[in-house]
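When reading the values below, keep in mind they use all heavy atoms of this one structure, side chains included, and skip hydrogens, waters and symmetry mates.
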Amino acid sequence: MLDVTKALLRLTGKTHFGPKWSLGYSGSTMHYTDAPDAQQQLQQFIALCRQHEIPCDSFQLSSGYTSINDKRYVFNWNYDKVPQPKALSAAFHQAGLKLAANIKPCLLQDHPQYAAVAEQGLFIRDSQSDAPERSSFWDDEGSHLDFTNPATVRWWQQGVTQQLLEMGIDSTWNDNNEYEVWDGEARCHGFGRPIAIKHIRPVMPLLMMRASMEAQQRFAPGLRPYLISRSGCAGMQRYVQTWSGDNRTSWQTLRYNIRMGLGMSLSGLYNVGHDVGGFSGDKPDAELLVRWVQNGVMHPRFTIHSWNDDATVNEPWMYPAATPMIRQAINLRYRLMPYLYTLLWQACAEDEPMLRPTFLDHEQDSRVWCENDDFMLGRDLLVASVVEPEQRERTVYLPDNQMGWYCFYSGQWFSGGQSVTLPAPLERLPLLVRAGAALPLSRRLAHVDVAADDQRELKLFPLQQGESSGCCMKTTARATPGGRAARCGCAGACAATRSALR
């Protein structure tokens with residue numbers, strides 16, 4: 001099956017290698033940007049991260065920064081809510097955080113620029129007239145931009161550059177881009193050959209994200225761009241990180257998001273995640289939030305995002321008694337940052353999925369084909385998320401890999417091909433490591449800073465017998481009779497590690 005997945009990427013394009021900071025915790029909530037004092041609320045997030053010692057690398061501005069009376073107008077800052085966008089960006093940058101801003105490909109009928117855009121012919125056209133198509137969008141009606149028209153692309157890139165990048169925004173969040181155009185026969189420019197939207201609906205978000213990426217590359221040619229998109233078609237992995245959309249808070253969602261992520265990964269979308277805590281519905285209780293964070297930190301995309309029905313906000317500190325457990329889970333992610341970064345590079349260079357169902361590397365073991373809640377993060381980490389309430393033990397089947405598995409925490413070794421029951425106290429995610437692996441760990445528990453991240457620990461999990469090796473750019477570590485850990489002197493420069501374990 002791995003060959004099938006890799007063949008799909010050879011056909012549709014390689015995974016984009018984003019910046020390292022894109023793997024850090026990304027805060028987000030619609031609550032902040034929809035508030036009348038949005039700038040103050042957003043800057044308070046920085047202070048709260050410091051106060052609760054939560055490492056964070058970015059924040060995603062929901063569309064409220066453009067909204068007036070709950071209507072969203074792309075490329076149109078609401079200066080009452082955010083009076084100083086450049087000062088806002090500067091405050092986040094000073095704290096070591098990046099900003100991603102939400103943008104939408106539909107202009108509402110009363111958008112300040114609607115008439116000018118319509119006059120230039122940049123919208124998809126109604127099938128019965130030469131007027132812009134009209135569809136429902138954000139409790140109103142609007143017209144969708146036609147990215148098969150080069151003039152539309154130029155207009156869009158000008159908006160991205162002038163209204164976002166020049167304001168200090170670091171990234172684009174391409175949202176609500178399903179192109180739910182009511183008129184399936186509505187005409188698109190088609191790069192000079194008109195075509196109905198029904199034939200190319202999934203291509204439009206792909207063209208949208210490509211236009212955004214080109215704007216970011218042109219503005220900062222020395223930086224690897226980072227983009228997010230909610231929708232797209234095969235090939236979107238060339239441009240963006242994505243997620244499973246607006247989920248609803250429940251234990252069932254936590255369980256089935258795992259399956260969704262694995263399905264997306266097998267379909268070539270390696271850089272994926274979910275809205276941790278649930279986007280909508282009731283707020284998660286403390287136990288569910290802790291378990292959701294523990295699961296989320298083991299996904300390529302780790303974002304806590306919400307628009308709860310009761311106007312609460314999903315945040316790491318929303319339950320004081322649970323905050324230390326959430327901090328511990330996020331710290332584990334930052335400890336594993338070198339490993340995650342290696343996986344992102346391997347996804348780009350070698351088409352290796354980051355999230356992997358247990359059967360992907362153990363096809364010979366018939367028991368891994370049974371439905372389960374486990375998954376692999378890379379080839380080395382077996383993640384046994386707790387997805388049921390009040391569960392304090394976790395039974396997990398260990399795939400038969402001929403080498404065995406170690407408990408990440410205790411170092412206890414287990415043979416493969418058996419089920420084991422592991423302790424799963426609320427403060428800890430059950431985690432196992434493939435025997436023969438060497439995990440590169442960081443000591444830095446703060447936002448990504450290559451200069452400050454100057455130490456590596458190699459946590460070695462040797463075979464009971466035999467030898468194991470892996471790819472390395474700079475270092476070699478060998479297990480010694482007296483211990484299983486060695487330090488790497490690469491000062492964070494290597495993207496992978498090598499170990500010869502005897």
Side-chain angles (χ1 to χ4, degrees), residues 21-35 38 41-42 44-46 48-49 52 54-67 72 92 97-104 138 169-178 226-231 240-251 253-254 256-258 260-261 264 269 271-286 288-319 322-323 326 329-330 333:
W21 61 261
S22 68
L23 294 170
Y25 164 46
S26 187
S28 185
T29 175
M30 288 186 66
H31 181 83
Y32 289 172
T33 54
D34 272 59
Q41 296 265 357
L42 289 162
Q44 180 68 12
F45 176 81
I46 301 172
L48 288 168
C49 283
H52 297 285
I54 300 293
C56 184
D57 269 278
S58 63
F59 192 90
Q60 299 174 28
L61 296 179
S62 292
S63 55
Y65 75 97
T66 71
S67 69
R72 322 280 154 154
F92 273 82
L97 278 66
K98 313 294 185 182
L99 282 173
N102 186 291
I103 46 178
K104 306 181 187 300
W138 272 95
I169 301 299
D170 304 278
S171 173
T172 56
W173 171 8
N174 299 262
D175 198 19
N176 300 104
N177 51 356
E178 290 75 27
Y226 167 60
L227 298 87
I228 313 158
S229 180
R230 187 164 94 171
S231 296
V240 297
Q241 180 188 76
T242 189
W243 84 105
S244 54
D246 294 346
N247 55 5
R248 198 157 180 85
T249 300
S250 72
W251 285 94
T253 300
L254 170 57
Y256 281 93
N257 273 173
I258 294 174
M260 293 175 72
M264 294 166 76
L269 303 179
N271 196 345
V272 299
H274 316 283
D275 281 351
V276 170
F279 174 75
S280 64
D282 297 333
K283 66 180 179 182
D285 61 38
L288 177 55
L289 181 63
V290 169
R291 293 306 194 190
W292 214 320
V293 170
Q294 290 172 346
N295 175 72
V297 298
M298 292 294 155
H299 283 68
R301 170 183 169 87
F302 172 51
T303 301
I304 301 175
H305 182 47
S306 63
W307 183 237
N308 295 337
D309 294 352
D310 60 0
T312 57
V313 183
N314 294 351
E315 296 169 305
W317 43 82
M318 67 187 298
Y319 295 106
T323 301
I326 291 173
I330 299 176
R333 181 180 182 87

Quiz prompt | Test log, rule side-chain contact (heavy atoms from CB on, under 4.5 Å), inputs N102 and T33 | solution = CA-CA 11 Å; N102 186 291; T33 54; over 6 Å; no
Quiz prompt | Which residues share a ring-ring contact (aromatic ring centres under 6.0 Å, His included) with H305, sequence neighbours left out | solution = W173, F279
Quiz item: What distance separates W138 CH2 from S63 OG, expressed to the nearest 0.5 Å?
Solution: 4.5 Å
Quiz item: Can you list the residues that meet the side chain to side chain donor-acceptor pair (under 3.5 Å) rule with S306, with sequence neighbours excluded?
Solution: none
Quiz item: Do side-chain atoms of T249 reach the backbone of D282 as a donor and acceptor pair under 3.5 angstrom?
Solution: yes
Quiz prompt | Partners meeting ring-ring contact (aromatic ring centres under 6.0 Å, His included) with Y65 (sequence neighbours left out) | solution = W77
Self-check item: Backbone N/O of Y319 and side chain of T323: donor-acceptor pair under 3.5 Å
Solution: yes
Practice problem: Could you tell me whether a side-chain N or O of S171 sits under 3.5 Å from a main-chain N or O of Y226, the two making a donor and an acceptor? | Solution: yes
Quiz item: For residues 25-34, which residue pairs qualify under salt bridge (charged side-chain N to carboxylate O under 4.0 Å, His left out), counting only residues two or more places apart or in two chains?
Solution: D34-R72
Practice problem: Measure the spacing between CZ of F92 and CG of L99 and express it to the nearest 0.5 Å. | Solution: 5.0 Å
Practice problem: Indicate yes or no: at least one non-hydrogen side-chain atom of L61 is less than 4.5 angstrom from one of I169. | Solution: yes
Self-check item: Qualifying residues under ring-ring contact (aromatic ring centres under 6.0 Å, His included), relative to W251, sequence neighbours excluded
Solution: none
Exercise. Decide side-chain contact (heavy atoms from CB on, under 4.5 Å) for N247 and N257; before the verdict, give the C-alpha distance in whole Å, the side-chain angles of both, and the deciding distance to 0.1 Å.
Key: CA-CA 8 Å; N247 55 5; N257 273 173; 3.0 Å; yes
Exercise. Identify, with sequence neighbours excluded, every residue that meets side chain to side chain donor-acceptor pair (under 3.5 Å) alongside N177.
Key: S229
Practice problem: With rounding to the nearest 0.5 Å, note down the distance linking OG in S58 to CG in D170. | Solution: 9.0 Å
Exercise. Take H31 and V313 through the side-chain contact (heavy atoms from CB on, under 4.5 Å) test and state the conclusion after the steps.
Key: CA-CA 7 Å; H31 181 83; V313 183; 3.4 Å; yes
Practice problem: Just jot down the side chain to side chain donor-acceptor pair (under 3.5 Å) partners of T172, sequence neighbours excluded, or say none. | Solution: N174, Q216
Quiz prompt | Any residue meeting ring-ring contact (aromatic ring centres under 6.0 Å, His included) with F302, in chain and number order, not counting sequence neighbours | solution = Y25
Quiz prompt | salt bridge (Lys or Arg N to Asp or Glu O under 4.0 Å) involving R230 - partner list, sequence neighbours excluded | solution = D175, E178, D246
Exercise. Mind running salt bridge (Lys or Arg N to Asp or Glu O under 4.0 Å) on R248 and D275 for me, showing each step along the way?
Key: CA-CA 9 Å; R248 198 157 180 85; D275 281 351; over 6 Å; no
Quiz item: Are the side chains of R301 and I228 in touch, meaning some heavy atoms are under 4.5 Å apart?
Solution: yes
Exercise. With sequence neighbours left out, write down each residue that passes salt bridge (Lys or Arg N to Asp or Glu O under 4.0 Å) with D285, or none if nothing qualifies.
Key: none
Quiz item: Hey, what do you get for CD (E315) to CG (L48), rounding to the nearest 0.5 Å?
Solution: 6.5 Å
Quiz item: Do we see a donor-acceptor contact under 3.5 Å between the side chains of Q60 and T303?
Solution: yes
Exercise. Quick one: pull up CG in L288 and NZ in K283 and give me the separation to the nearest 0.5 Å.
Key: 12.5 Å
Self-check item: Gap separating the OG atom of S26 from the CD1 atom of I304, nearest 0.5 angstrom
Solution: 10.0 Å
Quiz item: Does H274 have its ring centroid less than 6.0 Å away from the ring centroid of W243?
Solution: no
Quiz prompt | Minimum heavy-atom distance A329-V293, with the two atoms named | solution = CB-CG1, 4.0 Å
Self-check item: Contact summary for Q41 and A35, nearest pair of heavy atoms
Solution: CG-CB, 3.9 Å
Quiz prompt | R333 side chain to H299 backbone, donor-acceptor under 3.5 Å | solution = yes
Exercise. Just jot down the salt bridge (Lys or Arg N to Asp or Glu O under 4.0 Å) partners of K98, sequence neighbours excluded, or say none.
Key: none
Quiz item: Which residues pass the salt bridge (Lys or Arg N to Asp or Glu O under 4.0 Å) test with R291, sequence neighbours left out?
Solution: none
Practice problem: Please report the closest heavy-atom contact between S244 and M260, naming both atoms and the distance. | Solution: CB-CE, 3.6 Å
Practice problem: Dump the intermediate steps for side chain to side chain donor-acceptor pair (under 3.5 Å) on T253 and S250, then the final yes or no. | Solution: CA-CA 5 Å; T253 300; S250 72; 2.9 Å; yes
Practice problem: State whether the side chain of N308 and the backbone N or O of D310 hold a donor-acceptor pair below 3.5 Å, judged by distance alone. | Solution: no
Practice problem: Apply the test side-chain contact (heavy atoms from CB on, under 4.5 Å) to residues T29 and N314: give CA-CA distance (whole Å), side-chain angles for both, the deciding distance (0.1 Å), then the verdict. | Solution: CA-CA 8 Å; T29 175; N314 294 351; over 6 Å; no
